Amino acid sequence: MTDLQSHHNLLERYQAVKNQVQELADNHGHRVQLLAVSKRHSTESIEQLHKAGQKAFGENYVQEGVEKAQALSHLEIEWHFIGPIQSNKSRQVAEHFHWVHTIDREKIAKRLNDQRPEHLNNLNVLIQVNISEQDSKSGIHLSEVNTLAEAISQLPNLTLRGLMCIPAPLDDTQLEHEFTAMRKTYEELKQNHPSVDTLSMGMSQDLELAIKCGSNMVRIGTAIFGARH
Ligand SMILES: *Cc1c(COP(=O)(O)O)cnc(C)c1O
């Protein structure tokens with residue numbers, strides 16, 4: 001494939017995903033933000049999508065994300081960190097990202113708060129819920145959300161925006177059950193924390209069900225960029 005062809009394919013896939021998300025959002029009567037997950041994809045692809053109107057990009061690996069943010073600092077991009085955070089990498093996350101989707105302990109929240117540079121706006125954070133209760137996965141139990149939310153709301157350089165989850169591979173019935181439980185906790189959280197407005201759930205495989213269950217931010221990689229290298 002020539003560069004020109006792959007460029008067209010990228011933009012076509014992007015438009016198709018954007019249209020699909022818009023249509024689902026319209027059907028369900030709420031807004032849905034599209035986060036383009038660009039991990040393991042080139043800065044050139046990000047630049048092309050940015051030119052086509054995409055402003056928010058998600059990265060999983062600190063080093064890769066920081067390098068891309070620096071290489072593309074001339075563009076107005078909103079960078080979302082969506083991977084696991086190790087303590088020794090939190091400073092780079094606090095300095096280079098606008099959002100973090102994967103807060104699952106107070107210690108990390110405090111580090112990000114302390115390390116957020118003064119000249120930047122608050123870091124927007126989501127609490128990651130281990131909705132399928134997988135041993136191998138990051139995230140907290142739904143019953144622990146209120147306590148962690150309370151702790152985050154005391155940190156002046158962070159703004160609590162909501163919840164995020166990465167479900168296990170499940171059949172649609174089970175998945176709908178888990179998405180619905182997320183939605184319920186999200187609605188309750190909103191009552192106590194007026195800054196909460198984001199429910200980040202749904203990826204390439206399950207965006208339709210996620211939006212049906214109330215997601216207002218979907219994180220899409222493969223359906224836009226194709227397979228990762
Ligand atoms: C990679 C990744 C995505 C995107 O997954 P696709 O299946 O490629 O759409 C979304 N969220 C998180 C947390 C990811 O790590």
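Given the structure is predicted, the values throughout are model-derived calculations rather than measurements. In listed order, ligands and their atoms are each counted from 1.
- Between Phe81 and Phe97, the angle of the ring planes goes over 60°, which puts this pair in the perpendicular group of the 30/60° scheme.
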Identify all side-chain donor-acceptor contacts of residues 199-211 below 3.5 Å with residues at least two apart in sequence or on another chain.
{"from": "Ser200", "atom 1": "OG", "to": "His101", "atom 2": "ND1", "distance (Å)": "3.1"}
{"from": "Ser200", "atom 1": "OG", "to": "Arg219", "atom 2": "NH1", "distance (Å)": "2.9"}
{"from": "Ser204", "atom 1": "OG", "to": "Ala223", "atom 2": "N", "distance (Å)": "3.1"}
{"from": "Asp206", "atom 1": "OD1", "to": "Met203", "atom 2": "N", "distance (Å)": "2.6"}

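- Counting all heavy atoms, side chain and backbone alike, Arg183 lies closest to Gly214 at NH1-CA, 3.2 Å.
- Of the N and O atoms on the side chains of Glu188 and Asn192, not one donor lies less than 3.5 Å from an acceptor on the other residue.
- Taking the ring-ring contact (aromatic ring centres under 6.0 Å, His included) definition, one finds that Trp99 meets it with His80, sequence neighbours left out.
- If you look at ligand 1, the protein residues with a non-hydrogen atom under 4.0 Å away are Val37, Lys39, Asn60, Ile82, Met164, Ile166, Met203, Ser204, Arg219, Ile220, Gly221, Thr222, Arg228.
- Applying the side-chain hydrogen bond (donor to acceptor under 3.5 Å, both in side chains) criterion to Asn27, with sequence neighbours excluded, gives no partner residue.
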